[in-house]
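Below is one structure, written out as structure tokens; the observations come after it.
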Amino acid sequence: MDPVRNPYAPGAGQRPPELAGRDRELQQFEVVLERVARGRPERSMILTGLRGVGKTVLLNTFRSMAIQRLWGTGKIEARPEQSIRRPVAAALHMAVRELAPRHRAPDRIEGFLGVLKAFAQAGEEPGGKGRSRVHRWQPGIDVPAARGRADSGDLEIDLTELFVDAASVATDLGVGIGLFVDEMQDIPADDVSALCAACHELSQSGGPLIVVGAGLPHLPAVLSASKSYSERLFRYARIDRLDRGSADQALLAPAEREEVTFTQDALDALYEAADGYPYFVQAYGKVAWDVAPGSPITADDIKVAAPEAESELAVGFFGSRYERATPAERDYMRAMAALGDEPVPTSAVADELGRKPSSLSPARDGLIKKGLIYSAERGLVAFTVPHFGKFLRAQPT
């Protein structure tokens, strides 16, 4: 069939042609938006799940929903060992710029931008060994930095004051501000604590600013370790694989818009191959479309497509991650894979390798920092990528 008309879209954070199986989460966020708009107290929201389940797609969809309601929005992607001060400043700058043309008091906007500039410049210079920043970062804000507000250098104090001031600007317009944070588990521990404290202050004051985060399954544990009240501070939504009906919808709806369909046997084979994971559904669907001679796409077409799809996943989805690991980290992951696909005890990994658990801590910690595994609970580790164990077991030793 015509590859130009192929509707499927496997990609990092790329919205699929049919956002199937996420109605519950979309309805939850619609309620959040409506409650905040009416001045009702509402918790910020956290999405968690494995790689490839569509967290980033859902995060971007939430942001689009907020924009449609004329909210100010900004988005950051957290990185390990990088403070969120600058990224948050840039994101809130974007959010307030979206609101500024509708605000009737330009001096209020300028006042907030002065606070924002002071906040951005108050942190330490990277590698500066504690020395304060000498106003080196200029975030495109053509107003003087304010003094005495959000500029103490203590991120918890500064972020709380910045959020309160940003929320005040949104209140003037009867809308909200949404800060969207991807890869939230990578925020440094001290910054996580500061972010939770700022959200806590907002939840008490009822300010119309919410944080919507997305991260790996252990993100709730990261937040809880930072602030004990984080369990009550956020609304948590676990994003998982699609059920059979939703997976079929994700394949059929975009195909039928192109006047193409699948046989039931083909859908059965695709669900077995993709296991309901949205990224895999798109990956197998794309190759199946390209190899099929015509409509309907049949089970025989899937047999031809599956090896090619698996080869592409082995290089792009699995292989690229595997290549980031050191030899010691690869040994650790292969030992995990040999023990099965469920979370495995770290002691069992050590036994598999014939090593003491303490000697494997550097490899385990390195894999966690690289986002390849996570600590499912104390003493257990699991892969962040679905089917990664199966991929490793198929590799030559």
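Start at 1 with the first residue, then count along the sequence. On a predicted model such as this, the values are computed, not experimentally measured, just so you know.
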Does any part of the side chain of [Y], heavy atoms only, come nearer than 4.5 Å to the side chain of [X], both counted from C-beta?
{"X": "Glu34", "Y": "Arg69", "result": "yes"}
{"X": "Tyr284", "Y": "Pro10", "result": "no"}
{"X": "Ile302", "Y": "Asp268", "result": "no"}

Original post:
Could you state the interatomic distance from CG (Asn60) to CG (Leu19), rounded to the nearest 0.5 Å?
Top reply: 11.0 Å

Original post:
What's the verdict on salt bridge (charged side-chain N to carboxylate O under 4.0 Å, His left out) for Glu42 and Arg235, showing C-alpha distance, side-chain angles and the deciding distance?
Top reply: CA-CA 9 Å; Glu42 188 51 80; Arg235 178 198 295 261; 3.2 Å; yes

Original post:
Is any NZ, NE, NH1 or NH2 atom of the basic residue among Asp186 and Lys370 found under 4.0 Å from an Asp or Glu carboxylate oxygen of the other?
Top reply: no

Original post:
Do you know which two heavy atoms are closest between Asp301 and Ile297, and how far apart they sit?
Top reply: OD2-CA, 3.5 Å

Original post:
For Ser168 and Arg108, does a side-chain donor sit closer than 3.5 Å to a side-chain acceptor?
Top reply: yes

Original post:
Going by atom types alone, do Glu183 and Gln185 pair a side-chain donor with an acceptor below 3.5 Å?
Top reply: yes

Original post:
Which class fits the ring pair His218 and Tyr374: parallel under 30°, tilted 30 to 60°, perpendicular over 60°?
Top reply: parallel

**OP:** Please work out which of the three classes, parallel, tilted or perpendicular, describes the rings of Phe62 and Phe29, given edges at 30° and 60°.
**Re:** parallel

**OP:** Verify the ring-centre separation between Tyr279 and Phe317: is it less than 6.0 angstrom?
**Re:** yes

Subject >> Qualifying residue for side-chain contact (heavy atoms from CB on, under 4.5 Å) with Thr56, from Arg15, Gln14, Lys75 >> reply: Lys75

